[in-house]
Every structure is written in C-alpha cells, then in structure tokens.
S.K.: 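One structure, as structure tokens, below. Some questions next.
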Amino acid sequence: MATNEVIKVLKERGFFSQCTDEAGLMEKLKSPTRFYAGFDPTGPSLHCGHLVPVFAMAHMQKAGHLPVVLVGGGTARIGDPSGKTEMRQMLTIDQIKSNVEEFKKQLSNFIDFEQGGAMIVDNADWLAPLNYIEFLRDIGRHFSVNRMLTFEAYKKRMETGLSFIEFNYQLLQSYDFLELNRKHDCALQIGGDDQWGNIVSGMELIRRVERKESYGLTFNLVARSDGKKMGKTEKGAVFLNKEMTSVYDLFQYWRNVDDADVGKFLKLFTFLPIEECDRLGALEGAEINAAKEILAYEFTKIIHGKEEADRAREAAKAAFTAGGSADKSGMPSKEYTFDQLSEGINIVDLFTETELCSSKSESRRLVTQNGAAVNDEKINDPNTVINSSYITEDKDIILKAGKKRFFRIIVI
RNA sequence: GGGGAGGUUCCCGAGCGGUCAAAGGGGGCAGACUGUAAAUCUGUUACUUCGGUUUCGAAGGUUCGAAUCCUUCUCUCCCCA
C-alpha cells in the first residue's frame, strides 16, 4: 500500500471530515510523515469517546507514518473551550501526572511505540517553563483577537461567558504544533472536528514563524444515532481502564449499540476489512445481533486482549442464552461463603451489596416493579430471603436486574 | 466602583409562608412488545432500621411552621463607569 493511500482508507472508514489542503497532503504523505494528535489528560482514563483519533493514528502508522502522541499535561491545566459549555475544573499537578501515565499505557494498545519513529510527548515539558512576556512577544503577536473571535468555538462561548485563560488555549495548542514542527519536523496535526480552529491556527503560526507549510486533518465527531455522545452512558463515560469499566460492561456497551450504528462503528472502531464491516452492518432483523457481537468482541480484544474478550463474550452468552453451559467467569461476581448464605440475606440487601442497585430504595423499587430475578425466576416480594436453597449446581446464584444486568454470586 | 437579574432535586425549569421530597419536560430505571435493536405505551425516579431522616448556593434570624420573609456571605450573568 502506498503511504498516502491512508487518506483513502480514512475516507472509506468514515473518519475523514476536513483537510486544510488535500492535494498537498496527498503529496506530502507519499513519504513517511510525522504527525500528531493531542489528548488532554483531564480524567484518570481514556474513554470510548477519545478513540476516533486514536484509531486514525493506528491506521496512519500502519501506512508507514510516524505518530506522535501529545499528552497535554500542560494544557490540561487550562481547558479547551471548544464544544464545552462550561469551564473545566482545575486539576492538581499530581493528578495530571498520574493521568498521563495511564494514557500512555492505554495508547500503547493502539500505537506501537517500540517501532522507530513513534513517540509520546508531554507538552508540560515546554509549556510549563514558558515565560509570559517572551511568549506574548514571540507567539502572542501572531494572533489576532478579531480573527479568533470569528471561530465558532468562541462565538458560542460569547453567549455563556469565556474566561481569559480558556481564550488562551488556542495559543498554547498552536504553540504545541510549532514546537513539534521545529523539534521533530512534525508536519500534520489530526484531531476531531472540534479541533479545526485550533489546528488551523497552529498551521498559521508555523507559516508565520517558520515559513513552512504544514497540514491539518480532522475527523467526524461520532455521535450515536440516538444522538447521545459516543462512549457515554447515563452512568458516565465508558472507560478503557478495567477497574473503572469492567471488561464485561465494556463488551456489553458495544454489544448494545443501535442497529443503525453497527456498520459505522465496525469501520471506525475495529480493524476488520471494510468489506466485512459493510457486510455485517447490512444484516437485517435479528441477524444483526451477530454483527454486534463481533463489534463488541473485536473492540474488547483490542483494549483488553483476546483472553479477556473471550471471557466477556462467554459470560454474555451465559447470561443471555438460557440453559447454556457457557463459561460464566467473566460475569461481574462476588464471593459469599456457604455460611453467609445459610443464614440468608434479604433480597433488597443482596441487590444493594452486589452493586446492581445503588441504594436500598432503588433495590426495593426494582423488586417491587418486578424487575429482579434470581436464577431466572422473578421475585417481587421485597421480604424474600435468599438462602442456601437457591444455590445452583454450579455453586453459584445468578442475580438479574432488569433484562440486561447480571451478577453472579459464587459460593465458597 | 455603581445598578439590576439570578443560583431549586441527574439536566432544563415552575414554585414565592403551611396541602412541597417540591409542577412540567428531558434523561434514567422498570414493565409490556421484541432481536440483549429502534419506535411506542405504562409505571417509576432523595435516603431510610418504613417510625422517620436529610434536601431547594452557604451561614445565621423571624415564625407554631420557610425553597418561599429578613440579615450577612458567596458565585454567575447583564447594564453603567
């Protein structure tokens, strides 16, 4: 594959949104090119919503280009106003540091840092020591407030209020691009569509200061067809860290995407061949469930490895297929001693203890509304006591909340 | 610095002395229908040892009784300088 064919791949897979100079970039990408995308470590883990640029980077690397992952240890201390309606809360420096470490670890699932050329950098390294006066004089002079105010990102914030510190975010991101261009000859910045303004202004800065051409490429902001943000559930983001989102839950998140999104997501969030993604996405009726399972499996495999993905898939099968002998070990679980169960535990307490419900009121409500089941039998009396008589042949008890949430009690 | 408007339960947003754990909508959860889909309909949505207990920016105060009145503080937005 020619190294510039990646553009075609990105287009076909649904990444490509805008490019500052497509013909020029095609030419540039004929030879291995260093490019970067930035991630602000404002949380303790990456989540599914971060992943479009990450997958794009992986495709780029496969095509022979040299990825630079920029972790915004410096910019995280400010907050990007684009697309946000509220100012970001400030993080402590220690928090940011530990977030940066976690990001590095997670990104190495996608990007091979062993290979020459790929690298990860932290912009705190050059932003933190900046001198205000010098920065204003050398960098700030190239920015026009009038022009900045024409950017969509700022226009929106003019309504709700924009602090000066956030207004400066664009300068810092532009400076990042300049810095990477100078130090590593990085000629391309990629990112979500909301980054367009920031990317363009970085290019302009490079042109003014270095008299060099650089490129920008943005990706579609992926929304689910129900309009919700990608990778978010009502309970919060779906994280890649398995302490925060269990492997099983991650699997289930993708297993439950909307029909209309399956083909699109396969292309964006797996590395399966395009034709395969299209074929799977076109399945109709109940058949599309097979495609969803593949999506969930492939995705989980990338993040947590084959073994964990297998377990999650088996656990889901065990939960949703009646009477199966599938392996239940991937299901969320907790151990109870035989003695504890002999004494008996009230069903409301049990559902709360297992975190299927977050409070007893909620648990009671669930039971009363006929949403709770033990070993597939509905129980709607909140006074029911679960004791050893419920233990199955497999030495476990399967709790079910609603139709989709399962929990396994393992008897020891 | 001066003047004005405002901070209500997950979100938006009513309430402006008791009938308020607080209308309505959104979202969520559950039930029916299904394909572990969507759409739709129904119920539900602070916590609880089910006696009660904490909620309406924060702290005080008035009152038998406050989200609602008063004082101070705090934050946000708008106008003037």
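Every chain is numbered from 1 and lettered A, B, ... according to where its sequence line falls, protein lines coming before strand lines.
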S.K.: With a 4.0 Å cut-off, would you call A:Lys328 and A:Glu314 a salt bridge?
M.R.: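 No, this pair does not count.
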S.K.: Can you establish whether the number of heavy atoms outside A:Glu276 located under 6.0 Å from its atom CD is more than 12?
M.R.: yes
S.K.: Verify whether the ring centers belonging to A:Tyr253 and A:Phe299 lie closer than 6.0 Å.
M.R.: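 No.
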S.K.: Which residue lies toward the 5' end of RNA chain B, A:Arg313 or A:Asn370, if each is placed at its nearest nucleotide?
M.R.: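 That would be A:Asn370.
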S.K.: Once you round it to whole Å, what is the distance between P of B:U36 and CZ of A:Phe320?
M.R.: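 Going from A:Phe320 (CZ) to B:U36 (P), I get 8 Å.
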S.K.: Would A:Arg182 and A:Glu210 pass as an ion pair if we require N to O under 4.0 Å?
M.R.: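 A:Glu210 and A:Arg182: salt-bridged.
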S.K.: Please report the distance separating the P of B:G61 from the corresponding atom of B:A66, rounded so that it comes out in whole Å.
M.R.: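 Looking at atom P only, B:G61 and B:A66 are 12 Å apart.
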S.K.: May I ask you to check whether A:Phe269 and A:Phe55 place their ring centers less than 6.0 Å from one another?
M.R.: yes
S.K.: Can A:Asp259 and A:Lys292 be counted as an ion pair, charged N to O under 4.0 angstrom?
M.R.: yes
S.K.: Rounded to the Å, how far apart are A:Leu295 CG and B:G35 P?
M.R.: 21 Å
S.K.: May I ask you to say what A:Ala316 touches in the nucleic acid, namely base, sugar-phosphate or nothing, with a heavy-atom cut-off under 4.0 Å?
M.R.: base
S.K.: Using whole Å, what does the distance between atom P of nucleotide B:G28 and atom CG of A:Asn256 come to?
M.R.: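 Value for this atom pair: 13 Å.
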S.K.: State, without any angle test, whether A:Asp349 and A:Thr352 hold a side-chain donor-acceptor pair at a distance under 3.5 Å.
M.R.: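 Looking only at side-chain atoms, A:Thr352 and A:Asp349 do not form any donor-acceptor pair under 3.5 Å.
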S.K.: Check the distance between B:A37's P and A:Trp254's CH2 and give it to me in whole angstrom.
M.R.: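 The distance from CH2 of A:Trp254 to P of B:A37 comes to 18 Å, rounded to the nearest Å.
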S.K.: What distance do A:Asn375 atom CG and A:Leu399 atom CG have between them, rounded to the nearest 0.5 Å?
M.R.: 8.0 Å
S.K.: So, does A:Lys378 get its side chain near the phosphate of B:G31, meaning an N or O under 4.0 Å from OP1 or OP2?
M.R.: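 A:Lys378 to B:G31 OP1/OP2: side-chain N or O found under 4.0 Å.
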S.K.: From the set B:A37, B:C33, B:C29, return the single nucleotide nearest to any side-chain atom of A:Lys404.
M.R.: B:A37
S.K.: Round to the nearest Å and state the distance from A:Asp258 atom CG to B:A39 atom C1'.
M.R.: 11 Å
S.K.: Using the P atom in both, what is the distance from B:A14 to B:G7, to the nearest Å?
M.R.: 9 Å
S.K.: Reading nucleotides 43-48 of chain B from the 5' end, what letters show protein touch, with B for base, S for backbone sugar-phosphate only, - for no heavy atom under 4.0 Å?
M.R.: BSS-SB
S.K.: With the side chain of A:Leu366 defined as its heavy atoms from C-beta on, choose the nearest nucleotide among B:U36, B:A38, B:A30.
M.R.: B:A30
S.K.: Rounded to the Å, how far apart are A:Lys400 NZ and B:A30 C1'?
M.R.: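 Computing the A:Lys400:NZ to B:A30:C1' distance gives 13 Å.
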S.K.: Could you tell me how far B:U45 sits from B:G1 if I compare only their P atoms? Round to whole Å.
M.R.: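 Between the two P atoms, the distance is 48 Å.
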S.K.: Please give the distance between the P atoms of B:U8 and B:U36 as a whole number of Å.
M.R.: 42 Å
S.K.: To the nearest Å, give me how far apart NZ (A:Lys403) and C1' (B:A37) are.
M.R.: 12 Å
S.K.: Closer than 4.0 angstrom, basic N to acidic O: yes or no for A:Glu353 and A:Lys360?
M.R.: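 So A:Glu353 does not pair with A:Lys360 through a salt bridge.
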S.K.: Go through the side-chain N and O atoms of A:Ser174 and A:Asn198 and say whether any donor and acceptor fall under 3.5 Å apart.
M.R.: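 Side chains of A:Ser174 and A:Asn198: no pair found under 3.5 Å.
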S.K.: Considering only atom P, compute the distance from B:C79 to B:A30 and round it to an integer number of Å.
M.R.: 46 Å
S.K.: Does A:His59 reach the main-chain N or O of A:Val9 with its side chain, forming a donor-acceptor pair under 3.5 Å?
M.R.: no
S.K.: When you compare B:C20 with B:C75, how far apart are their C1' atoms, in angstrom units rounded to a whole number?
M.R.: 26 Å
S.K.: State which of B:G31, B:A30, B:C50 makes the closest approach to the side chain of A:Arg364.
M.R.: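 The listed nucleotide nearest to A:Arg364's side chain is B:C50.
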S.K.: Taking B:U54 as the reference, what is the distance to B:A22 when you measure between their C1' atoms (whole Å, please)?
M.R.: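 Each nucleotide's C1' atom is 15 Å from the other's.
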S.K.: Please determine if A:Glu275 and A:Arg279 form a salt bridge, counting it only when a charged side-chain N lies under 4.0 Å from a carboxylate O.
M.R.: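 Salt bridge: no.
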S.K.: Grab the CG-P distance between A:Leu280 and B:A37 for me, whole Å please.
M.R.: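 Result: 19 Å.
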S.K.: Taking syn as any angle within 90 degrees of 0 and anti as the rest, which one fits B:G43?
M.R.: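 You should classify B:G43 as anti.
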S.K.: What distance do A:Asp310 atom CG and A:Tyr297 atom OH have between them, rounded to the nearest 0.5 Å?
M.R.: 3.5 Å
S.K.: Taking atom C1' in both B:A67 and B:G15, compute the distance separating them and give it to the nearest angstrom.
M.R.: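 Here B:A67 and B:G15 have their C1' atoms 8 Å from each other.
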S.K.: Could you check which residues of residues 281-291 of chain A get a heavy atom under 4.0 Å from RNA chain B? Sort them by number, please.
M.R.: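 Hits under 4.0 Å, by residue number: A:Gly285, A:Ala286, A:Ile288, A:Asn289.
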S.K.: Starting at the 5' end of RNA chain B, write a dot or bracket for each base, bracketing those in Watson-Crick or G-U wobble pairs whose two distances are under 3.5 Å and using | for partners on another strand.
M.R.: (((((((..(((.....[.....)))((((((.......))))))((....))...(((((..]....)))))))))))).
